[in-house]
Amino acid sequence: MNTPKSAHRFSPTCNCCVSRRTFLASAAAVGATALLSGQDAAAQGAPAKLIDTHHHFYPPAYQKAWADWEDARKIPHLGVQLSWTPQQDIEAMDKNGITTAVLSLPSTPGVWFDGAAGSAHDIARMCSDFAAEMVRDHPGRYGLFAPLSMMDIDATLKEIEYVFDTLHADGVNLQTNYGDKWLGDAAYKPVLEELNRRKAVAYVHPLVASCCGRLSVGAFPAVIEVPHDTTRTVTSLLLSGSFARERDIKWLFSHGGGTIPFLAGRIEAFYEQRARGASGFAPDGIEAEFRRLYYDTANATHPAAMAALMKLVPVSQITYGTDYPYFPLNQIDNLRQLNLPAADLAGIASGNATRLLPRLSA
């Protein structure tokens, strides 16, 4: 089945891309200084194992394509993705006590670069192959959420076959949206059906939707629109019945679920009556659907954000994530300050990730 190109083509606005990069550069600088003192860190002790489920990578050919893409749009480069190397990555992990990192691509420009479906497929293959080589070269240090192009459904189904059967990826790497469609859209049903058949882990990273880059109130679009886009795609998967229908996909959403913890009650208030029952899109109730999902802690370790998330879902559904290199690897220090029970902290640090991704337990 081929999906019309118009269903998947998108072009991030330049002001959105510039603002996101400026925001991330500032946030990374601020985040790097937000450390516990050595004495405070020692008081609670570091978890024996720390798995980062939100960790980006940049093959050299991808770095060049990104730089060319930004140059064509007069977008200033954000140095972190262009200066990244595998060696630097391992050194940073060692310095911050990261045992294992699960590799994934950033969301903008993903593998699309405003190109044709075939080009996106080629970039996705190249990136997956590069990351798989990192996994092989550093046993036990990396996992892989393989990117999918999503512009042509038939090609995407072949990509799924390749990354699981040939590369043995730990899961797939999806965006919250592709132009004007979120993941619950009917266009993606064949992809979700295949991921469900494979009982796959689907890691979802948000971006500023093409519709919303200019909805600014003075803040960088990434500040408000990125977390809201996670909520948009979660809601689309809920209301479309995808969560209930594709029951065997194990979903992992970024940044503490975006604004889902805050808006869960409002979504439930509008839709709970329609959701329940044998013919409903959430037979066990909307909150039960949200509690089944996994959420990472990347840039969501503020006490208020964690309190909302842990009130909505059990700690067993939360994995440690950093959004490195845009944000620092040491965000576990923020979680230590929450005075969580030792078992809960250990679960977030690694136990929940190894249950989600059993290969990482070795």
Side-chain angles (χ1 to χ4, degrees), residues 19-20 22-37 40-41 43-47 50-56 80 96-98 106-107 176 203-208 216-232 234 252-267 290-291 293-342 344-350 352-353:
S19 298
R20 180 176 185 272
T22 305
F23 164 73
L24 289 172
S26 301
V30 172
T33 65
L35 300 172
L36 281 175
S37 71
D40 289 341
Q44 290 219 8
L50 187 57
I51 298 176
D52 181 2
T53 61
H54 188 148
H55 193 99
H56 297 309
V80 290
N96 290 276
I98 304 294
S107 55
T176 48
Y203 161 78
V204 182
H205 194 285
L207 72 164
V208 177
S216 176
V217 292
F220 301 123
V223 176
I224 296 173
E225 287 304 318
V226 162
H228 275 300
D229 215 61
T230 292
T231 301
R232 291 186 186 102
V234 169
L252 172 59
F253 292 94
S254 301
H255 309 127
T259 55
I260 280 291
F262 177 76
L263 292 176
R266 186 172 180 84
I267 296 168
F290 292 155
R291 290 172 65 85
L293 311 175
Y294 286 85
Y295 307 82
D296 76 40
T297 64
N299 196 29
T301 56
H302 187 280
M306 289 301 298
L309 179 60
M310 291 188 294
K311 197 72 174 177
L312 177 65
V313 308
V315 171
S316 63
Q317 304 306 109
I318 303 172
T319 69
Y320 182 64
T322 67
D323 212 346
Y324 183 79
Y326 301 109
F327 290 92
L329 286 167
N330 58 19
Q331 293 165 55
I332 193 68
D333 294 340
N334 300 332
L335 296 178
R336 291 193 192 104
Q337 291 181 312
L338 300 180
N339 295 315
L340 298 172
D344 288 351
L345 183 61
I348 294 172
S350 65
N352 301 335

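In this chain, numbering begins with 1 at the start of the sequence shown. Just so it is clear, the structure is predicted and the values come from calculations on it, not from any experiment.
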Is the backbone N or O of Thr319 less than 3.5 Å from a side-chain atom of Asn352, with the two atoms forming a donor-acceptor pair by type?
-> no

Which atom names give the shortest non-hydrogen contact between Pro106 and His56, and what distance separates them?
-> N-ND1, 3.5 Å

Which pair of non-hydrogen atoms, one from His205 and one from Ser254, has the smallest distance, and what is that distance?
-> CA-OG, 3.7 Å

Once you round to the nearest 0.5 Å, how far does CG of Asp52 lie from OH of Tyr324?
-> 10.0 Å

Closest approach of Ala264 and Leu312, non-hydrogen atoms and distance?
-> CB-CD1, 3.9 Å

Where Thr322 and Phe327 come nearest, the two heavy atoms and their spacing = O-CB, 3.3 Å

Sequence neighbours excluded, which residues qualify as side-chain hydrogen bond (donor to acceptor under 3.5 Å, both in side chains) partners of Thr297?
-> none

Arg291 versus Pro314: any side-chain heavy-atom pair under 4.5 Å?
-> yes

Drop me the distance from Leu335's CG to Thr301's OG1, to the nearest 0.5 angstrom.
-> 5.5 Å

Take Leu340 and Met310, measure what side-chain contact (heavy atoms from CB on, under 4.5 Å) needs, and give me the verdict at the end.
-> CA-CA 11 Å; Leu340 298 172; Met310 291 188 294; 3.8 Å; yes

Can His302 and Asn334 be counted as having a side-chain donor-acceptor contact under 3.5 angstrom?
-> no

Is it true that a side-chain atom of Tyr320 and a backbone atom of Gln331 form a donor plus acceptor pair closer than 3.5 Å?
-> yes

Side-chain donor/acceptor of Thr259 to backbone N/O of Thr231, under 3.5 Å = no

Any residue meeting side-chain contact (heavy atoms from CB on, under 4.5 Å) with Pro303, in chain and number order, not counting sequence neighbours = Leu338

Quick one: pull up CD1 in Ile318 and CD1 in Ile348 and give me the separation to the nearest 0.5 Å.
-> 5.0 Å

Looking at residues at least two apart in the chain, or sitting in another chain, which of them share a side-chain contact (heavy atoms from CB on, under 4.5 Å) with Ala308?
-> Pro261

side-chain hydrogen bond (donor to acceptor under 3.5 Å, both in side chains) partners of Thr230, counting only residues at least two apart | none

Angle class for the His255/His54 ring planes (parallel below 30°, perpendicular above 60°, tilted otherwise)?
-> tilted

Report the residues that fulfil salt bridge (charged side-chain N to carboxylate O under 4.0 Å, His left out) with Asp229, sequence neighbours left out, ordered by chain and then residue number.
-> Arg232

Report the residues that fulfil ring-ring contact (aromatic ring centres under 6.0 Å, His included) with Tyr295, sequence neighbours left out, ordered by chain and then residue number.
-> none

How about Val234 and Ile267: do any of their side-chain heavy atoms sit closer than 4.5 Å?
-> no

Looking at Val204 and Thr176, what are the two nearest heavy atoms and their distance?
-> CG1-CG2, 3.7 Å

Any donor-acceptor pair under 3.5 Å linking the side chain of Asp323 with the backbone of Ala298?
-> no

